[in-house]
Amino acid sequence: SVTMGDAAKDMPRFPAWTAAPVAWNASRIFRVAALSVGYTALYLALDRLSFIGALHGIGITPWSPSSGLAMALLIVKGMRCAPLIIVAEVLSGATIPTVPVSMVPVFLESLLVTASYSGAATILRHVGLQAGIRGSGGAVTLLIVAVVSSGLVAVGFVAAYAAAGIVPWTGFIAAAF
């Protein structure tokens, strides 16, 4: 006959510390949710504030502080935050324009924006920028990568809306640059 003690010997044993990951996961989930909601809200607020003099009633503006926020998030937190960039950009493209816009160019430009800034952030992380700018070489690298990636974003953004017929192709250069 088998006693309770014998049966208990066959059960897997778990150390007392195994309960900690559950609490840690809950805390991590809360932090991720707070970062996601906070980032998206701040991105939308900055996009709305910069929506002054927007060409063609969409997000073609002379300045874009939300782009800097996106780059900062990707540089500091890494590529695992790229989905937040897409979500915030889609929400912005769907809610902020003053003209009716199909979701096709919104999704397309969101993917282009995210890919461009993700590539730029990857380069900047590779050269060690997430630890801070150390010297003039780091500042020059930041400026070059920011200018090139912003130019790519501008061209891709305008091209997505030009393909949808919102921005006339004859005004492409003026809108992109």
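Under the 4.5 Å side-chain heavy-atom criterion for ILVMFWY residues, a single connected hydrophobic cluster contains both V90 and V99. A single hydrophobic cluster is not seen to contain both L74 and L152; linkage of ILVMFWY side chains at heavy-atom distances under 4.5 Å, directly or through other members, places them apart. Tracing side-chain contacts under 4.5 Å through hydrophobic residues (I, L, V, M, F, W, Y), one never reaches F30 starting from V32; they form parts of separate clusters. The hydrophobic clustering, which links ILVMFWY residues whose side-chain heavy atoms are closer than 4.5 Å, places I86 and M103 together. Residue I144 is not grouped with residue I75 when hydrophobic side chains (ILVMFWY) are merged at heavy-atom distances under 4.5 angstrom, including chains of intermediate members.
The minimum heavy-atom distance linking E89 with S110 is given by the pair CG-OG, 3.3 Å. Across every non-hydrogen atom of E109 and G93, the tightest pair is OE2-CA, 4.4 Å. Shown here for L35 and C81, the closest heavy-atom pair between the two residues is CD2-SG, 4.2 Å.
From S116, atom OG reaches atom CD1 of I85 across 12.0 Å, with rounding to the nearest 0.5 Å. Distance check, rounded to the nearest 0.5 Å: CD1 of I96 to CG of L44 gives 5.5 Å.
Between L69 and L73 there is no side-chain heavy-atom pair separated by less than 4.5 Å. Within the 4.5 Å cutoff, the side chain of L124 has heavy atoms near those of the M71 side chain. Residues V101 and I166 form a side-chain contact, since some pair of their non-hydrogen atoms from C-beta on lies under 4.5 Å apart.
When atom types are taken as modelled, the side chain of S149 and the backbone of A146 share a donor-acceptor pair closer than 3.5 angstrom. With hydrogens and angles disregarded, a donor-acceptor distance shorter than 3.5 Å links the side chain of S50 to the backbone of D47. Remark: the backbone N or O of A88 is not paired with any side-chain donor or acceptor of S92 at under 3.5 angstrom.
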Derivation of the side-chain contact (heavy atoms from CB on, under 4.5 Å) call for L108 and Y161:
CA-CA 9 Å; L108 182 58; Y161 286 102; over 6 Å; no

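Using cut-offs of 30° and 60° on the angle between ring planes, the pair F172 and W169 is parallel.
Legend: side-chain hydrogen bond (donor to acceptor under 3.5 Å, both in side chains) pairs involving residues 67-79, not counting sequence neighbours, sorted by first then second residue: S64-S67, S67-Y117.
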